[in-house]
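The block underneath contains the structure these notes are about, expressed in structure tokens.
For the numbers below, each heavy atom of this structure counts, side chains included, while hydrogens, waters and symmetry mates do not.
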Amino acid sequence: MVSEIRRHPLAEQTAAVLLDRIRHGEWPLGHRLPGETTLAAQLGVGRSTVREAVRELAGKGVLSSRQGAGVFVTAVDIVEDWDIVLRRATIVAVIEARIAIEAEAAALAALRRTPADLRTIRRTLGKRSTEGQSVAEHVDADMAFHRAVVIAAHNDILTQLFDSFLPRLRLAMIDMLTIRPVPAPAADQAAHEHLADAIAARNPTAAAESSRTHLQAMKESFR
């Protein structure tokens, strides 16, 4: 473990050393860091440098200063911007995340959906027909249906997570279906009807399984 900072810029290097120590578990999540004087002595820098390093890590969500209490670990690493993460992710990884989100959302939708939710699900289901649609139009209609299901779960976090996937997924779906159209449109539509029926019947187990099976088949098509 590096114990002393020898090169400039000092604050940046101090922040890097502190982050490394956090990553290695020296200060677990929720733990309070030693005081400025102690850290300054350990790292061989001034208290102002430690203060600046703490400010830098606080800005990245790793540390949090609480007046009168000290500095606490709020994350064990710097989290990358979500848009960057999604741009780097493979489409299979995105679909795997969708399975986790949408299967649970489908189950919740079966328990929580309102008559208005069900009308929206049925309406968007009817617009999924590939007949007379361009690939982009079909993909947008499909996304509208799946989003209606997620909204019917009445969980704002699940909705926000789904919405974050939409741009990445939409482009991939358009590319795939342009090259390889849906092999059995009737069967694909029937799978979505089964999901809608399970939600209408307030059957969370069937709804989750229907969502998972459909998305798993989609995942395999991208391999």
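By the 6.0 Å contact criterion, CZ on Arg32 is open, its count of non-hydrogen atoms from other residues, nucleotides or ligands being 12 or less.
No chain of hydrophobic side-chain contacts below 4.5 Å, direct or via other Ile, Leu, Val, Met, Phe, Trp or Tyr residues, connects Ile101 to Ile121. Under the 4.5 Å side-chain heavy-atom criterion for grouping Ile, Leu, Val, Met, Phe, Trp and Tyr, Leu108 is connected to Phe165 within one hydrophobic cluster. Residues Ile99 and Met173 share a single hydrophobic cluster, defined by chaining ILVMFWY side chains whose heavy atoms lie under 4.5 Å apart. One hydrophobic cluster holds both Val94 and Leu158 under the rule that ILVMFWY side chains link at heavy-atom gaps under 4.5 Å. At a threshold of 4.5 Å between side-chain heavy atoms, the hydrophobic network of Ile, Leu, Val, Met, Phe, Trp and Tyr places Ile157 and Val150 in one connected group.
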task: Given side-chain contact (heavy atoms from CB on, under 4.5 Å), test His154 with Asp117 step by step and report yes or no.
output: CA-CA 10 Å; His154 293 278; Asp117 292 327; 2.6 Å; yes
message: Checking Leu215 against Lys219 for the side-chain contact (heavy atoms from CB on, under 4.5 Å) test, could you report, in this order, the C-alpha distance in whole Å, the side-chain angles of both residues, the deciding distance, and whether it holds?
response: CA-CA 6 Å; Leu215 290 170; Lys219 173 185 168 182; over 6 Å; no
side-chain contact (heavy atoms from CB on, under 4.5 Å) assessment of Leu43 paired with Arg21: CA-CA 12 Å; Leu43 299 171; Arg21 292 170 71 172; 3.9 Å; yes
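Between the side chain of Ser64 and the main chain of Phe72, no donor-acceptor pair closer than 3.5 Å is present. Without hydrogens or angle criteria, Thr49 side chain to Ala11 main chain gives no donor-acceptor distance under 3.5 Å. Proximity of a side-chain donor or acceptor of Ser210 to a complementary backbone N or O of Ala206 within less than 3.5 Å is not detected. Formation of a donor-acceptor pair under 3.5 Å by the Gln133 side chain with backbone atoms of Lys127 is found in this model.
The line from OG1 of Thr114 to CZ of Arg119 is 7.5 Å long, rounded to the nearest 0.5 Å. From His146, atom NE2 reaches atom CZ of Arg128 across 6.0 Å, with rounding to the nearest 0.5 Å. Rounding to the nearest 0.5 Å gives a distance of 6.0 Å between CE of Met218 and CG of Asp142. Considering OG of Ser211 and NE2 of His194, their distance stands at 14.0 Å, rounded to 0.5 Å. To the nearest 0.5 Å, the span separating CG on Leu19 from CZ on Arg23 amounts to 4.0 Å. From Arg113, atom CZ reaches atom OG1 of Thr120 across 12.0 Å, with rounding to the nearest 0.5 Å.
Residues Gln189 and Leu125 have side chains in contact (heavy-atom distance under 4.5 Å, counting atoms from C-beta outward). Leu18 places a side-chain heavy atom less than 4.5 Å from the side chain of Leu39. By the 4.5 Å heavy-atom criterion applied to side chains, Val149 and Glu102 are not counted as neighbours. Side chains of His214 and Asp188 form a contact here, defined as non-hydrogen atoms less than 4.5 Å apart. The shortest distance between side-chain heavy atoms of Val71 and Leu57 does not fall below 4.5 Å. Looking at heavy atoms from C-beta onward, Arg170 lies out of side-chain contact with Leu166 at the 4.5 angstrom threshold. Contact annotation: the side chain of Val92 approaches that of Glu96 to within less than 4.5 Å [non-hydrogen atoms, C-beta and beyond].
Considering every non-hydrogen atom in both Leu111 and Arg202, the closest pair reads O-NH1, 3.5 Å. What you find for Ala107 and Ala207 is that their closest heavy atoms are N-CB, 4.4 Å. Of all non-hydrogen atoms in Ala106 and Leu195, the two that sit nearest each other are CB-CD1, 3.9 Å. Residues Gly61 and Ala75 approach most closely at O-CB, 3.4 Å, considering heavy atoms. Taking all atoms of both residues into account, the shortest heavy-atom contact from Val45 to Val50 is CG2-CG2, 3.7 Å. In this structure, Leu118 and Ala196 approach most closely via the heavy-atom pair CD1-O, 4.4 Å.
Under 4.0 Å is where a charged nitrogen must lie from a carboxylate oxygen, and between Arg212 and Glu209 at least one such pair does.
Annotation: cation-pi pair Arg147/Phe162 absent, no NZ/CZ under 6.0 Å from the ring centroid and within 45° of its normal.
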